[in-house]
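In what follows, a structure is listed as structure tokens, so that the remarks can point back to it.
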Amino acid sequence: MSKIFLLIALAAPALMALSLEQSVALALQNNPQLQKQHASSGFSKAALDEQRSAMFGSVDAVASYTHYNLPRTLAPLTPTGFSNPAAVPTTQDLFSAGIAYEVPLFTGFSQQRSVEIAQLQRELTDVAY
């Protein structure tokens, strides 16, 4: 009698059935080909965004630091007759910072064509998905 209860207890999880909708949803959720197509669709959207953003240029922060062992003159010396040599502006530590914005003015429509190509690739991956 205890063997029957043990057999029923071990076989009970295997006896649970799924409906057709549940089995189809489970198969679609765990299908590696569909997961690959979904990831490919996301990658193509990112590639399209990348191509579109290239049309807006880029912003870079730049900085420079230079240390001189001997003081350097900052202003050009003109023959004004400095009576005091200490009055000449000099420095040993020179620091400069700035922002650079670069945008291509004319690329022969290559950026526009690359955006169109990326958009077509995205449409193809969406259709394949």
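By convention here, the first residue in the shown sequence is residue 1. Keep in mind the model is a prediction, meaning the values are calculated, not measured.
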More than 12 heavy atoms of other groups within 6.0 Å of Phe109 CZ = no
Side-chain donor or acceptor of Ser23 paired with backbone N/O of Ser19 under 3.5 Å = yes
Interatomic distance, Leu124 atom CG to Ser41 atom OG [nearest 0.5 angstrom] = 11.0 Å
ask   = So how far is it from Ser110 OG to Ile117 CD1, rounded to the nearest 0.5 Å?
value = 10.0 Å
key: Spacing of Phe43 atom CZ and Thr125 atom OG1 [to the nearest 0.5 Å]   = 11.5 Å
Rounded distance [0.5 Å steps], CZ in Arg113 versus CD in Glu116 = 5.0 Å
request  = Please check if the side chain of Glu123 supplies one atom and the backbone of Ala118 the other of a donor-acceptor pair under 3.5 Å.
outcome  = no
inquiry  = Between Val59 and Ile99, is there a side-chain heavy-atom distance shorter than 4.5 Å?
reply    = yes
key: Any side-chain heavy-atom pair of Arg72 and Leu94 under 4.5 Å   = no
ask   = Is it true that a side-chain atom of Gln92 and a backbone atom of His67 form a donor plus acceptor pair closer than 3.5 Å?
value = no
ask   = Closest approach of Lys45 and Arg122, non-hydrogen atoms and distance?
value = CB-NE, 3.5 Å
query = How many angstroms lie between CD in Gln121 and OG in Ser44, if you round to the nearest 0.5 Å?
reply = 8.0 Å
query = Val115 versus Leu48: any side-chain heavy-atom pair under 4.5 Å?
reply = yes
message = Does any part of the side chain of Val103, heavy atoms only, come nearer than 4.5 Å to the side chain of Phe56, both counted from C-beta?
response = no
remark   = Between the CD atom in Gln37 and the CG atom in Asn31, the distance rounded to the nearest 0.5 Å is 10.0 Å
key: Close side-chain approach of Gln22 and Leu26, heavy atoms under 4.5 Å   = no
inquiry  = Just by distance, no angles: are the side chains of Gln51 and Ser114 close enough, under 3.5 Å, to form a donor-acceptor pair?
reply    = yes
request  = Show your reasoning for whether side-chain contact (heavy atoms from CB on, under 4.5 Å) applies to Gln29 and Gln35.
outcome  = CA-CA 8 Å; Gln29 182 181 5; Gln35 291 175 353; 5.7 Å; no
